[in-house]
2 protein chains.
Amino acid sequence: MTATKKRIIESAIQVFNEDLSAPLQKVADNAALTRRTLHRYFKDRNELVEICRQAIQISCKKAMIAAIQSSYEPIVQLERMLYAGIDCGAKYSTFYKMHRSADHNHTMQNKNCADYDYIYTTFQKLVIELQKTGILNPKMSPEWIQVLHSGIIESTVNAKQINHQNIEDIKQLAWISYSKAISP
Amino acid sequence: MTATKKRIIESAIQVFNEDLSAPLQKVADNAALTRRTLHRYFKDRNELVEICRQAIQISCKKAMIAAIQSSYEPIVQLERMLYAGIDCGAKYSTFYKMHRSADHNHTMQNKNCADYDYIYTTFQKLVIELQKTGILNPKMSPEWIQVLHSGIIESTVNAKQINHQNIEDIKQLAWISYSKAISP
DNA sequence: TAGATATTTCTCAAATGTGTGACATTTTTT
DNA sequence: AAAAAATGTCACACATTTGAGAAATATCTA
């Protein structure tokens with residue numbers, strides 16, 4: 001994959017994340033190249049959108065699975081999953097929404113869906129395990145803890161835009177806030 | 001304002017919230033009426049978008065200011081501001097973004113900007129006050145506590161869509177999570 | 001520097017979206 | 001039930017967006 005193609009995809013992800021029907025001219029401007037060049041790399045708009053979705057899936061999946069496999073300690077796994085989501089930034093909320101939107105047909109035949117499920121059943125097992133050992137609040141459902149997880153990630157995306165703070169500081173703030181929120 | 005006009009605006013807010021450049025046909029479909037009817041109520045697309053923005057501002061401002069004025073106790077005010085945001089739902093994140101986007105020219109001449117500032121300087125004063133009295137964690141900046149606030153609201157929007165839980169239960173969960181997250 | 005490759009510029013046709021007039025149909029009001 | 005008001009259907013002009021060819025220009029590479 002050429003550098004230009006990557007550049008277009010990153011630009012498109014940024015633009016489409018906040019306006020899926022934005023004209024391709026916007027994507028081209030954002031990537032600092034012409035629309036004609038953009039059309040040489042992608043058959044049509046649909047293909048570009050689809051490739052963006054794939055790129056988001058691949059990078060988020062990779063980060064989340066690496067986080068899960070980076071430790072055997074549930075609490076460490078949970079912490080690293082949060083950091084992985086923060087590293088994905090705005091992509092994460094799209095990833096999250098993709099498998100939950102009403103029109104999405106979630107099926108195990110689809111590799112992406114299967115991986116998504118692996119990630120979130122693992123997450124839920126982690127949470128239940130930590131609730132049993134008294135580390136997490138047993139009164140909060142795993143589902144709530146999960147939406148909170150993505151809400152905190154969303155917060156860090158906003159914090160980055162507004163505050164221009166050090167990303168490591170933001171990560172620490174996020175983990176402190178999150179772990180306190182869900183502790184008994 | 002007729003019921004139809006309201007219906008169109010609510011529909012448009014839903015659609016534009018997730019895709020600002022969506023075709024008007026989508027708005028019409030979502031409101032279960034024809035594009036022709038939609039055009040009878042609004043001069044053009046810009047007018048509809050602008051009216052949606054006004055509607056969001058009015059309803060969010062009203063809810064937030066009422067929350068502030070509903071008590072003299074800072075911690076109660078903070079709690080009610082969270083509930084007010086939750087009641088606004090998806091509108092809240094648009095409201096929040098409107099005054100913070102890069103191209104928005106934030107000026108005190110504009111009533112909406114002035115009101116927004118009133119709400120958020122009040123919020124910050126509240127937080128600083130509560131940090132002084134040891135109720136909130138003094139190590140977290142008011143800015144972070146604010147992005148967390150909107151992140152938690154975002155979480156409740158997702159929780160509603162996914163879990164179809166009782167809204168009052170979600171509010172309680174949200175407040176418990178938030179207050180713990182920001183306590184010392 | 002010469003040749004290959006990538007990008008831009010300009011152009012244009014096709015597709016899609018927007019706004020409106022004329023008239024039919026439905027719903028509401030009296 | 002008749003009149004009035006609101007909504008739908010169809011047709012159309014116009015604007016914007018999309019996708020691609022052809023040639024000029026820029027960039028990279030040996």
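Throughout, a chain's letter reflects where its sequence line sits, starting with A, and its residues are numbered from 1. Atoms considered below: every heavy atom in the structure, side chains included; atoms not considered: hydrogens, waters and symmetry mates. Since the structure is predicted, the reported quantities are computational estimates derived from the model, not experimental observations.
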If you count heavy atoms of other groups shown closer than 6.0 angstrom to CD of A:Glu73, is the number above 12?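 Incorrect, the count does not exceed 12.
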Roughly how many Å is it from [atom1] in [X] to [atom2] in [N], rounded to a whole number?
X       : N      : atom1 : atom2 : answer
A:Gln25 : C:dG17 : CD    : C1'   : 18 Å
B:Arg35 : D:dA6  : CZ    : P     : 21 Å
A:Leu33 : D:dA26 : CG    : C1'   : 14 Å
A:Lys26 : D:dT17 : NZ    : C1'   : 14 Å
A:Phe42 : D:dG19 : CZ    : C1'   : 14 Å
B:Leu48 : C:dG19 : CG    : C1'   : 13 Å
B:Lys5  : D:dT7  : NZ    : C1'   : 16 Å
A:Lys6  : C:dA6  : NZ    : P     : 16 Å

Below 3.5 Å, does any donor atom in the side chain of [X] face an acceptor in the base of [N], or the other way round?
X       : N      : result
B:Arg40 : C:dG19 : no
B:Arg45 : C:dG19 : no
B:Arg36 : C:dG19 : no

Heavy atoms from C-beta onward define the side chain here; which of [options] lies closest to that of [X]?
X       : options               : answer
A:Thr37 : C:dT7, D:dT7, D:dT17  : C:dT7
B:His39 : C:dA6, D:dT18, C:dG19 : C:dG19
A:Leu24 : D:dG8, C:dT7, D:dT18  : D:dT18

Between [N] and [X], is there an OP1 or OP2 to side-chain N/O distance shorter than 4.0 Å?
X       : N     : value
B:Thr2  : D:dA6 : no
B:Tyr41 : D:dT7 : yes
A:Thr34 : C:dT9 : no

For B:Arg7 and A:Pro23, find the nucleotide of DNA chain D closest to each by heavy atoms; which residue's nucleotide sits nearer the 5' end?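 So the residue in question is B:Arg7.
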Taking B:Thr122 as the fixed residue, which of B:Asp117, B:Val127, B:Ile68 is the one that meets the side-chain contact (heavy atoms from CB on, under 4.5 Å) rule?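 Testing B:Thr122 for a side-chain contact (heavy atoms from CB on, under 4.5 Å) against B:Asp117, B:Val127, B:Ile68 leaves exactly one candidate, B:Ile68.
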Can we say B:Glu10 and B:Lys91 salt-bridge, meaning some charged N sits less than 4.0 Å from an Asp/Glu carboxylate O?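 Yes, B:Glu10 and B:Lys91 are salt-bridged.
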Quick one: do the B:Asp29 and B:Gln25 side chains pair a donor with an acceptor below 3.5 Å?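 Yes - a donor-acceptor pair under 3.5 Å links their side chains.
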Report for the helix from C:dT1-D:dA30 to C:dT30-D:dA1: angle between first-end and last-end helix axes, five pairs each, rounded to 10 degrees.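 It works out to 50° between the end axes.
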Between B:Lys171 and B:Glu168, is a salt bridge (Lys or Arg N to Asp or Glu O under 4.0 Å) present by the stated rule, with each step listed? CA-CA 5 Å; B:Lys171 279 186 186 177; B:Glu168 286 307 316; 3.7 Å; yes
Could you check A:Lys111, A:Arg100, A:Gln57, A:His106 and say which one makes a side-chain hydrogen bond (donor to acceptor under 3.5 Å, both in side chains) with A:Tyr116?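 The single option meeting the side-chain hydrogen bond (donor to acceptor under 3.5 Å, both in side chains) with A:Tyr116 is A:Arg100.
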Could you tell me whether B:His99 and B:Tyr120 have their ring centroids closer than 6.0 angstrom?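 Ring centres of B:Tyr120 and B:His99 not closer than 6.0 Å.
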Looking at side-chain heavy atoms only, is the closest gap between B:Phe95 and B:Ile119 below 4.5 Å?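 Yes, at least one pair of side-chain atoms sits under 4.5 Å.
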